Amino acid sequence: MIKLGVLISGTGSNLIAIQEAIERGELDASIELVISSRPNAKGLTRAHEHGLKTMALSKELYDLGAQAADEIIASQMMEAGVDFIVMAGYMRKVTQPILQGFPNRVINIHPALLPSFQGAHAIEEAWLKGVKVAGVSIHFANEVYDQGPIIAQRAFDVPEGVTLEELESLIHEVEHKLYPEVLQKLAEDRVRIMPDNTVRILD
């Protein structure tokens, strides 16, 4: 079993998808701590409903700089004994205190097929481009935003005439299935970062 610390900023839908996979026995993990970058994030309420321990950081703390917040996050996650930090809709770039404290153990999900549509507005940008294929990427976070080693991707055909809201819903459906699957591979110790910075999944 692996112990997870989860970072959120919003609704926490991926957090709950992960927790529900744990509750169904599909993911051999536990969520030890949920930290939100926003005190009013809906995900905090949803975490409490599942009996998860939570912590919220203030805007004033982030105003002091990312490092100040990340030092607290890293310290709290270490104290909670987590094995991996899981970014689940966390809308801030993690910095050295977290990356050095948890080397190759910070996981992020991105609502596009990286390296395409990096950044915070990936779904809208893909929709405006009229992409025929969309998808989700899960990768190790590193110093460069959305450019860490990719663990898994899942693509799907975009229906003709889809609205932005419909595309967002389709992407979230994929996220909620793929994230627990990837975390289970980590729980089974089947994920390896190779010397060329690619990721291999062991059979």
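Here the structure is a predicted model, which is why all the values come from computation and not from measurement. Along the sequence shown, residues are numbered consecutively beginning with 1.
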Student: Got a second to check how far Glu26's CD is from Ile18's CD1, nearest 0.5 Å?
Tutor: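 So the gap between those two atoms works out to 13.0 Å.
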Student: What distance do Lys42 atom NZ and Ile8 atom CD1 have between them, rounded to the nearest 0.5 Å?
Tutor: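 Reported value, rounded in 0.5 Å steps: 11.5 Å.
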Student: Can you tell me how far the CD atom of Gln147 sits from the CG atom of Asn142, to the nearest 0.5 Å?
Tutor: 7.5 Å
Student: Report yes or no: does Lys53 contribute a side-chain atom to a donor-acceptor pair with the main-chain N or O of Ile31 at less than 3.5 Å?
Tutor: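 Such a contact is absent between Lys53 side chain and Ile31 backbone.
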Student: Please confirm whether the backbone N or O of Ala187 pairs with a side-chain atom of Arg190, one donor and one acceptor, at under 3.5 Å?
Tutor: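 Checked: no pair found.
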Student: Would Glu173 and Phe156 count as a side-chain contact (heavy atoms from CB on, under 4.5 Å) if you check the C-alpha gap in whole Å, the side-chain angles of each, and the deciding distance to 0.1 Å?
Tutor: CA-CA 11 Å; Glu173 285 181 23; Phe156 62 90; over 6 Å; no
Student: Keeping the roles fixed (side chain from Ser30, backbone from Glu32), state whether a donor-acceptor pair exists under 3.5 Å.
Tutor: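 It does not hold such a pair.
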Student: Mind listing the closest non-hydrogen atom pair of Arg92 and Tyr62 along with its distance?
Tutor: CD-CE2, 3.1 Å
Student: Considering the options Ile138, Leu178, Val182, Leu113, which one meets the side-chain contact (heavy atoms from CB on, under 4.5 Å) requirement together with Arg154?
Tutor: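 By the side-chain contact (heavy atoms from CB on, under 4.5 Å) criterion, Arg154 pairs with just one of Ile138, Leu178, Val182, Leu113: Leu178.
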Student: What verdict does the side-chain contact (heavy atoms from CB on, under 4.5 Å) test give for Ile201 and Val199, after you've listed the backbone C-alpha separation in whole Å, the side-chain angles of each residue and the deciding distance to 0.1 Å?
Tutor: CA-CA 7 Å; Ile201 306 297; Val199 173; 4.2 Å; yes
Student: Taking Ser36 for its side chain and Ala41 for its backbone only, find out whether a donor-acceptor pair lies under 3.5 Å.
Tutor: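 A pair under 3.5 Å: no.
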Student: Could you tell me the separation between the CG atom of Leu186 and the CD1 atom of Ile2, rounded to the nearest 0.5 Å?
Tutor: 5.5 Å
Student: NZ of Lys3: more than 12 outside heavy atoms within 6.0 angstrom?
Tutor: no
Student: Any idea which heavy atoms bring Ala56 and Pro39 closest together, and the distance?
Tutor: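 In this case the closest contact between Ala56 and Pro39 is CB-CA, 3.7 Å.
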Student: Given Met77, which of Val106, Leu4, Leu33 fulfils the side-chain contact (heavy atoms from CB on, under 4.5 Å) condition?
Tutor: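 Answer after filtering Val106, Leu4, Leu33: Leu33.
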Student: What do the steps show when you test Met55 against Leu57 for side-chain contact (heavy atoms from CB on, under 4.5 Å), and what is the final call?
Tutor: CA-CA 7 Å; Met55 177 181 181; Leu57 303 182; 3.6 Å; yes
Student: Please check: side-chain N/O of Trp127 versus main-chain N/O of Glu165, any donor-acceptor pairing under 3.5 Å?
Tutor: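 Here the side-chain-to-backbone pair does not exist.
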Student: Ignoring hydrogens and angles, tell me if any N or O in the side chain of Asn108 forms a donor-acceptor pair with the backbone of His139 under 3.5 Å.
Tutor: no
Student: How close do Pro97 and Gln67 get, heavy atom to heavy atom, and via which atoms?
Tutor: CG-CG, 3.7 Å
Student: Go through the steps to decide whether Val6 and Tyr90 satisfy the test side-chain contact (heavy atoms from CB on, under 4.5 Å), and finish with yes or no.
Tutor: CA-CA 9 Å; Val6 182; Tyr90 183 68; over 6 Å; no
Student: With rounding to the nearest 0.5 Å, note down the distance linking CD in Gln100 to CD1 in Ile98.
Tutor: 11.5 Å
Student: Would you find a donor on one side and an acceptor on the other, under 3.5 Å apart, between the side chain of His172 and the backbone of Pro111?
Tutor: no
Student: Treating Arg200 as the side-chain partner and Arg192 as the backbone partner, does any N or O pair qualify as donor plus acceptor under 3.5 Å?
Tutor: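 Between the backbone of Arg192 and the side chain of Arg200 there is no qualifying donor-acceptor contact (under 3.5 Å).
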Student: If only atom types and distance count, is the side chain of Arg46 paired as donor or acceptor with the main-chain N or O of Thr11 below 3.5 Å?
Tutor: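 Flag set: sc Arg46 to bb Thr11 pair under 3.5 Å.
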Student: Does His121 NE2 have over 12 foreign heavy atoms under 6.0 Å away?
Tutor: no
Student: Which distance, rounded to the nearest 0.5 Å, do you find between the CD of Gln19 and the CZ of Arg24?
Tutor: 10.5 Å
Student: Specify the closest pair of heavy atoms between Ala112 and Ala122, including all atoms of both residues, with the distance to one decimal.
Tutor: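 So the minimum-distance heavy-atom pair works out to CB-CB, 3.9 Å.
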